[in-house]
Amino acid sequence: MRECIVIGRPNSGKTLFTLNFAKYLGVKSIDMTFRTYDGVMTCRHLSLEDAKRQLCGIDLHKTRSLQSMVLNMPIGKSTVNFKLTDTCGISEQIHADEAIRKGMAQTIGLLRSADFILHLVDLTNVKSDSATQSNIDYEFYHYGVARNAYIMLGNKVDLGSAKDNLPRLASAFPKATVIPISALYNQGFREVKAYVARNI
Ligand SMILES: Nc1nc2c(ncn2[C@@H]2O[C@H](COP(=O)(O)OP(=O)(O)OP(=O)(O)O)[C@@H](O)[C@H]2O)c(=O)[nH]1
Ligand SMILES: [Mg+2]
């Protein structure tokens, strides 16, 4: 089964996107598989509302391990199953918490084997050094473009300051396909779905 991975900085909206995109594809409740760095797997069945309440949040590094769902995508006359995996956010600093460092390493490990990469960027937080090599978003971009199975999602477009940052994002990452989305309000999901369908 092909796997799509959702990556980005902490708090960029990865978990909310994953859950609302699953809902957009017709999921009524969530069967989530959690995979920790040391190989422990657990499964939980959650309503979408409970999943959002428990798994999303404003605190940095709410997600600390891989969280996967198997979803269906109608393609032509058939339906294709694929795995959508939310990850521990990555930042430039070496984090003081060992669990978070291991979570980040787990994200990077999966990145190499994932079939399609969805890179979320918080549009309210586009920095002037976005295109420099010291920026983790640049690292993701560079890797993703080289893999040729990658899109960048400019998230939180519903927020005031976000729209003004879209041109900045597109010019900082000129080789990326950038789709403005709102993980909160499902904006841009039709386009994301089309890209996912082409890559699973
Ligand atoms: N307004 C708005 N808020 C959003 C959007 N996407 C996410 N958020 C909010 O941003 C915060 C972080 O969202 P999460 O989905 O938990 O972010 P994450 O990238 O999974 O964060 P970590 O797990 O900590 O790495 C939450 O308070 C969300 O409600 C969006 O499109 N619009
Ligand atoms: Mg998260």
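Computed from heavy atoms alone, side chains included, the values below leave out hydrogens, waters and symmetry copies. Numbering of ligands and ligand atoms starts at 1, following listing order.
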Could you tell me whether the side chain of [X] and the main chain of [Y] form a donor-acceptor pair under 3.5 Å?
X      : Y      : result
Thr87  : Val6   : yes
Arg44  : Asp31  : no
Gln67  : Phe34  : no
Asp115 : Asn199 : no
Arg35  : Thr42  : no

Can a non-hydrogen atom of Gly8 be found less than 4.0 Å from any atom of ligand 1?
no
Numbered atoms and elements of ligand 1 in range of [X], under 4.0 angstrom, heavy atoms:
X      : result
Pro10  : 25 (O)
Asp59  : 24 (O)
Ser182 : 31 (O)
Leu159 : 1 (N)
Cys56  : 16 (O)

With heavy atoms under 4.0 Å as the rule, classify the contact between Asp158 and ligand 1 as side chain, backbone, both or neither.
side chain
How are the rings of His142 and Tyr138 set relative to one another: parallel (under 30°), tilted (30 to 60°) or perpendicular (over 60°)?
parallel
Taking the six-membered ring for Trp, are His119 and Tyr150 parallel (under 30°), tilted (30 to 60°) or perpendicular (over 60°)?
tilted
Return the closest protein heavy atom for [atom] as residue, atom name and distance.
atom                    : value
atom 31 (O) of ligand 1 : Ala183 N, 2.9 Å
atom 12 (C) of ligand 1 : Asn11 OD1, 2.9 Å
atom 5 (C) of ligand 1  : Lys156 CG, 3.6 Å
atom 7 (C) of ligand 1  : Leu16 CD2, 3.5 Å
atom 20 (O) of ligand 1 : Thr15 OG1, 2.8 Å
atom 13 (O) of ligand 1 : Gly13 CA, 3.8 Å
atom 19 (O) of ligand 1 : Lys14 NZ, 2.7 Å

Looking at Asp122 and Lys156, is there a salt bridge between them, counting it only when a charged N and a carboxylate O are closer than 4.0 Å?
yes
NZ (Lys163) and OG1 (Thr124) are apart, to the nearest 0.5 Å, by 13.5 Å
Mind checking the CG-CG spacing from Leu60 to Asn11? Nearest 0.5 Å is all I need.
5.5 Å
With side-chain contact (heavy atoms from CB on, under 4.5 Å) as the criterion, how do His45 and Ile30 come out once you've worked through the C-alpha distance, each side chain's angles and the decisive distance to 0.1 Å?
CA-CA 6 Å; His45 183 81; Ile30 301 287; over 6 Å; no
Protein N/O/S count near the Mg ion (ligand 2) (criterion: distance under 2.8 Å):
2
Member of Val70, Ile5, Leu118 meeting the side-chain contact (heavy atoms from CB on, under 4.5 Å) criterion with Leu84
Leu118
Using heavy-atom distances, let me know which of Gly103, Ser91, Gly57 sits nearest atom 26 (C) of ligand 1.
Gly57
For atom 6 (N) of ligand 1, which of Asn155, Thr124, Val6, Ile7 has the closest heavy atom?
Asn155
Under 3.5 Å, N or O to N or O, is Thr63 touching ligand 1 that way?
yes
So with a 6.0 Å cut-off around CG of Asn148, is the heavy-atom count from everything else above 12?
no
Which residue pairs pass the salt bridge (Lys or Arg N to Asp or Glu O under 4.0 Å) test when at least one of the two sits in residues 57-71, sequence neighbours left out?
Arg64-Asp97
